[in-house]
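Reviewing the structure listed below.
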Amino acid sequence: VKERGRDAIEFFNAHMAEQVHHQLLLEGQLHKALEESQFELVYQPKVSVKTGVLTGAEALLRWRHPTRGMVSPGEFIPILESSGLIIDVGQWILEEACRQLQYWQRQGYWHLNMQLSINISPRQFRREAFVDDVISTLRDVPIEKGSLDIEVTESVVIGNVDETVATMRKLVSSGITFSLDDFGTGYSSISYLKRLPVSTLKVDQSFVRDITEDRSDKVLVQTMATMGSLLGLKVVAEGVETEEQLMLIRDFGCHEYQGYFYSRPISADDFTHLLTESIAS
Ligand code: C2E
Ligand code: CA
Ligand code: CA
């Protein structure tokens, strides 16, 4: 038994060492990724539930790894966050999204009421310079007021709600709106909904996934949608993959949706096509 125990510990240590090695390797590669322009944004359409009309997009980060191909954000965003690299990459995301949005607006492809959303990590949001960084980016790359939306999760709040509210208010007065992302998955979603100046509530895809079979998920989505609407917020359902799911979230009063049923996240060029088609129709 003792022998086996020691083997297990050795195996465990070897496994941990391997993981640490893997993390360090990725971290080194991520440092280079920004310099070597290996990051890209893809765009997932947001669509009106009632009319099926395109209402904007969410920009999502991708890493084109030199040998591994596309690496998914689930694998590398935690490393960007723990290493602090998320600050520089986050700034790049903001600039790149604004440049792309400006292009679409200057070409006349971007409808007046459409919005482009970007994701901001809590670590970037809580930086003292965050408001100034955003405002100076908007000065360098002007876009139409009201066309940029920032998605945050409730974890931006950690510790100080007043500070979070103050940061958000400053940006709201510069024409930015906020969405509360992954709604329902945290500990205090409802209390933050009351205090934070957000315009949109995004119902997390984990509730939408089983909405057609799971009675509790059905009730939860319906309740979140009703509450959001009564609070005067736009309600967006994430992760809609089937027509049945779409019918249910429509009955529950969600205003917009994202999901594979309409489209996966697509390249900027493909999104341009989608925009020009939606103008033509
Ligand atoms: P999120 O913000 O909740 O983004 C939605 C995720 O759901 C995206 O995964 C999207 O591709 C995926 N998705 C959309 N529709 C469907 C669907 O119908 N079914 C399923 N199964 N999935 C769907 P992605 O792009 O892999 O991003 C994962 C997470 O990584 C994001 O979750 C977000 O937390 C983070 N992330 C992505 N891009 C950025 C970024 O630019 N900055 C920051 N800070 N985080 C990002
Ligand atoms: Ca998001
Ligand atoms: Ca989400």
Side-chain angles (χ1 to χ4, degrees), residues 30 33-34 38-47 49 56-64 69-101 115-127 130 133-134 148-156 177-186 189 198-212 221 224 234-246 248-249 254 256-268 270-271:
L30 283 163
L34 190 58
Q38 291 165 8
F39 290 117
E40 278 174 34
L41 292 182
V42 290
Y43 298 86
Q44 185 174 40
K46 295 194 186 195
V47 188
V49 169
E58 175 178 5
L60 294 157
L61 186 62
R62 294 291 179 264
W63 178 19
R64 200 181 281 279
M70 283 293 189
V71 183
S72 91
E75 194 178 336
F76 67 86
I77 286 183
I79 302 173
L80 290 179
E81 300 213 347
S82 63
S83 63
L85 273 168
I86 192 71
I87 306 296
D88 288 340
V89 176
Q91 178 60 30
W92 176 83
I93 292 167
L94 173 67
E95 289 169 14
E96 178 66 14
C98 288
R99 280 193 291 267
Q100 189 60 57
L101 181 57
Q115 282 196 311
L116 181 63
S117 299
I118 60 171
N119 293 281
I120 294 291
S121 100
R123 193 152 171 188
Q124 188 186 5
F125 183 94
R126 286 201 297 268
R127 252 162 55 94
F130 180 61
D133 287 349
V134 174
L148 184 69
D149 178 77
I150 291 182
E151 296 190 2
V152 292
T153 58
E154 67 177 56
S155 51
V156 289
T177 62
F178 283 92
S179 297
L180 198 51
D181 204 358
D182 303 344
F183 188 79
T185 60
S189 307
V198 297
S199 323
T200 302
L201 178 166
K202 294 192 79 177
V203 175
D204 190 69
Q205 53 178 277
S206 61
F207 301 105
V208 177
R209 191 178 305 133
D210 303 319
I211 197 178
T212 51
V221 173
M224 288 188 262
K234 179 162 82 187
V235 179
V236 179
E238 301 185 315
V240 174
E241 295 187 354
T242 66
E243 185 158 18
E244 292 71 43
Q245 291 169 335
L246 176 59
L248 281 177
I249 63 130
C254 292
E256 295 178 10
Y257 76 95
Q258 283 175 251
Y260 297 167
F261 181 63
Y262 185 83
S263 168
R264 290 186 173 249
I266 54 180
S267 69
D270 287 345
F271 197 78

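Note that this is a predicted model, so its numbers are computed, not measured. FYI, the numbering just counts along the sequence from 1. Order of listing sets the numbers, starting from 1, for every ligand and every atom in it.
- Not one N or O on the side chain of Gln245 forms a donor-acceptor pair closer than 3.5 Å with the backbone of Thr212.
- Listed by chain and number, the protein atoms of type N/O/S under 3.0 Å from the Ca ion (ligand 3) are Asp181 OD1, Asp182 OD1, Glu238 OE1, Glu238 OE2; waters are omitted.
- To the nearest 0.5 Å, atoms NZ (Lys202) and CG (Asp182) are separated by 8.0 Å.
- Although no hydrogens or angles enter the test, the distance criterion places no donor-acceptor pair under 3.5 Å between the side chain of Glu75 and the main chain of Ser72.
- In this structure, the separation between OG on Ser199 and CG on Leu180 is 11.0 Å, given to the nearest 0.5 Å.
- With rounding to the nearest 0.5 Å, the separation of CZ in Arg64 from CZ in Arg62 is 11.0 Å.
- Within the structure, side-chain hydrogen bond (donor to acceptor under 3.5 Å, both in side chains) pairs that include any residue of residues 115-127 comprise Lys46-Ser117, Glu58-Asn119, Gln115-Thr177, Ser117-Asp149, Arg127-Asp133 (at least two apart or interchain).
- Taking OG from Ser267 and OH from Tyr43, the interatomic distance works out to 9.5 Å, rounded to the nearest 0.5 Å.
- Of all N/O/S atoms in Glu58, OE2 sits nearest the Ca ion (ligand 2).
- A heavy-atom distance below 4.5 Å is found between the side chains of Phe76 and Leu61.
- Put simply, the side chain of Gln44 gets close to the backbone of Ser263: a donor and an acceptor are under 3.5 Å apart.
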Can you pull every nitrogen or oxygen pair between ligand 1 and the protein closer than 3.5 angstrom?
unit_1   : atom_1 : unit_2 : atom_2 : d
ligand 1 : 2 (O)  : Glu58  : OE2    : 3.3
ligand 1 : 2 (O)  : Asn119 : OD1    : 3.2
ligand 1 : 2 (O)  : Asp181 : OD2    : 3.2
ligand 1 : 3 (O)  : Asp182 : OD1    : 3.4
ligand 1 : 7 (O)  : Gln205 : NE2    : 2.7
ligand 1 : 15 (N) : Gln44  : NE2    : 3.0
ligand 1 : 18 (O) : Tyr260 : N      : 2.8
ligand 1 : 19 (N) : Glu241 : OE2    : 2.5
ligand 1 : 21 (N) : Glu241 : OE2    : 3.1
ligand 1 : 22 (N) : Gln205 : OE1    : 3.3
ligand 1 : 22 (N) : Tyr260 : OH     : 3.3
ligand 1 : 25 (O) : Arg62  : NH1    : 2.8
ligand 1 : 25 (O) : Arg62  : NH2    : 2.9
ligand 1 : 38 (N) : Leu61  : N      : 3.0
ligand 1 : 42 (N) : Asn119 : O      : 3.4

Anything under 3.5 Å between a donor and an acceptor, one on a side chain of residues 85-92, the other on a protein residue two or more places apart or in another chain? List them.
unit_1 : atom_1 : unit_2 : atom_2 : d
Gln91  : NE2    : Glu95  : OE2    : 2.8
Gln91  : NE2    : Thr137 : OG1    : 3.0

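- Residue Ser117: no N/O/S atom is found under 3.0 Å from the Ca ion (ligand 2).
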